Amino acid sequence: MDFALTEEQRIFQESVRGLANRHLADGALARAHSPRFPLDVAKLFAQNGLIGITIPEADGGNGGTLMDAVIAIEQIALVCPRSADVVQAGNFGPLRTFAEYATPSQKEQYLAKFLAGEAIIALGMSETEAGSAVTDLSTSAKRDGDGYRVNGSKIFTSNSPDADLFLVYVRFGDGIDGIGSVLMDRDMDGFVLGKPAKYMNGEEWCSLHFDDVYIAPENVLLGPGGFKKQIAGFNTERIGNAARSLALGEFSFELARQHALIRKQFGRALCEFQGIQWKFSDMRIQIDAGRLLLYRAAVNADRGLPSAMETSIAKAFCNQAGFELCNESMQVMGGMGYSAESLIEYCFRKTRGWQIAGGSNEMMLNRIAEGVFERRFSQRPPRVKS
Ligand SMILES: Cc1cc2nc3c(=O)[nH]c(=O)nc-3n(C[C@H](O)[C@H](O)[C@H](O)COP(=O)(O)OP(=O)(O)OC[C@H]3O[C@@H](n4cnc5c(N)ncnc54)[C@H](O)[C@@H]3O)c2cc1C
């Protein structure tokens, strides 16, 4: 067992931090307050090997590890919190699912643009009646000749105002085995994006409406029975999500630490008050504990042992810790921390969302309980025996 990064990982860590300091420190506040995806940052990252880190070289990626992608998220977030979303979009979530399951011709059509930072892919999974209970989704894909006709709608699709391609979960037939996914270009006939709405983090999302959208066979990503693969891809999404939460918490911690060293009240620096010191001690424990859980999940996934249990533990802990770190850091910064001129206020709003997104805290705890008791607990009402 070794708790240190390898020499190679350390060099990578330093180079990402250098890039962030040179290009992203200026403008970090403005980026955090922009409702749209920072496409210019995506191009910068593509030029510097931070998009497609884990995608095989044969597909145009960098053939790195999930752990490398986690390191990249951390180092970018510690300088420009909003830009960490670009590492996420370029390495986790729908892009990774796409890269894993797309056919050679689907990859040829889309992947190069994603890896160049010229296009982004978004995930249409949640529906008004299917949130945590995602398998209740009703967007249907019905046979039409060789292809399918898709009808239904989605909500909460992150990055939808800027996305070029949508990975949409659809129902080909009944039950979990009837679920799969299709790829939709934003300009397909019958595909309409609703008016942008805003999350508490300031980002815009659009509802997606499908009115008889024709999906040719070459735009099916995973046919009926694809749900388990899609959700396995979601485990990785959760690692990126946990990494961003913890990193934004650590970013806030560092701002507050600097503040506590120089801000004086009652003739003493804030860091000289025990009530303040203990906040930082507790925060340090949260950062270290979260990082160990996060790295365990990422390293084991890289070793071919992706574990839903370890990922759920990491996500549940890091999402909670990230938010509490921002909250406590804001407290230390006083009125300044509560002001929109401080990035802590942004990190506070942003980390709050990850307790809901990508499998809420409660859903993670449900999954962990199944691991604890080594049995499945259906969340559905018991069937009434007739
Ligand atoms: C910032 C953000 C980004 C998102 N991005 C995307 C995206 O890109 N694509 C996409 O498809 N969706 C996205 N979502 C949607 C997200 O996946 C859902 O919000 C999430 O799955 C929860 O669903 P819901 O909002 O319908 O809440 P509900 O499922 O209605 O849950 C409401 C509350 O009840 C709790 N609850 C529900 N069931 C149980 C249970 N069995 N046990 C205990 N508690 C339970 C939940 O934890 C939650 O606290 C995003 C959401 C947010 C906040």
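In listed order, ligands and their atoms are each counted from 1. Source: prediction; values computed, not measured. The residues of the chain are indexed from 1 along the displayed sequence.
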Would a 4.0 Å cut-off, counted as strictly less than, catch a protein heavy atom around [atom]?
atom	result
atom 33 (C) of ligand 1	no
atom 21 (O) of ligand 1	yes
atom 15 (C) of ligand 1	yes
atom 30 (O) of ligand 1	no

For ligand 1, which part of [X] has a heavy atom less than 4.0 Å away: the side chain, the backbone, both, or neither?
X	result
Met125	both
Tyr199	side chain
Asn361	neither

**Prompt:** Has the side chain of Asp302 got a donor or acceptor atom that lies under 3.5 Å from a matching backbone atom of Leu66?
**Reply:**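 Answer holds: yes.
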Hey, is the main chain of Glu310 close enough, under 3.5 Å, to the side chain of Ser307 for a donor-acceptor pair?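 Confirmed, Ser307 side chain pairs with Glu310 backbone.
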Does [X] come within less than 4.0 Å of [Y], counting only side-chain N to carboxylate O?
X	Y	result
Lys198	Glu204	no
Arg17	Glu14	no
Arg31	Asp85	no
Glu203	Lys350	yes

TODO: Please report the C-alpha distance between Leu50 and Ile76 in whole Å, then the side-chain angles of each, then the deciding distance to 0.1 Å, and finally whether the side chain to side chain contact (heavy atoms under 4.5 Å, CB included) criterion is met.
DONE: CA-CA 10 Å; Leu50 298 186; Ile76 296 295; 4.1 Å; yes
Check: [X] N/O within less than 3.5 Å of ligand 1 N/O:
X	answer
Leu123	yes
Ala357	no
Gly359	no
Thr157	no

Please list the nearest protein heavy atom to [atom] with its residue and the distance rounded to 0.1 Å.
atom	value
atom 19 (O) of ligand 1	Ile356 CG2, 3.7 Å
atom 6 (C) of ligand 1	Phe156 O, 2.8 Å
atom 53 (C) of ligand 1	Gly353 O, 3.9 Å
atom 46 (C) of ligand 1	Ser360 OG, 3.6 Å
atom 24 (P) of ligand 1	Gly131 CA, 4.0 Å
atom 41 (N) of ligand 1	Gln379 OE1, 2.9 Å
atom 40 (C) of ligand 1	Asn366 ND2, 3.5 Å
atom 36 (N) of ligand 1	Ser132 OG, 4.3 Å

Practice prompt. State the CG-CZ distance between Asn159 and Arg36, to the nearest 0.5 angstrom.
Written response: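 Spacing of CG (Asn159) from CZ (Arg36) equals 10.0 Å.
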### Query
Do we see a donor-acceptor contact under 3.5 Å between the side chains of Thr54 and Arg96?
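Result is yes, a qualifying pair exists.
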Is a donor from one side chain sitting under 3.5 angstrom from an acceptor on the other, for Thr139 and Glu127?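 Yes, a side-chain donor-acceptor pair sits under 3.5 Å.
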Is the Tyr110 ring parallel, tilted or perpendicular to the Phe114 ring (thresholds 30°, 60°)?
->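 Plane angle under 30°, so parallel.
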For atom 43 (C) of ligand 1, which of the options Glu362, Arg352, Glu127, Met363 provides the nearest non-hydrogen atom?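 Residue with the shortest heavy-atom distance to the ligand atom: Glu362.
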Ala122, Ser126, Pro94: member with heavy atom nearest to atom 12 (N) of ligand 1:
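Going through Ala122, Ser126, Pro94 one by one, Ser126 has the nearest heavy atom to atom 12 (N) of ligand 1.
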Within 6.0 Å of CZ in Phe273, more than 12 heavy atoms from elsewhere:
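Correct, the count exceeds 12.
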Under the side chain to side chain contact (heavy atoms under 4.5 Å, CB included) criterion, do Tyr101 and Gln106 qualify, and how do the steps go?
CA-CA 9 Å; Tyr101 300 114; Gln106 287 171 339; over 6 Å; no
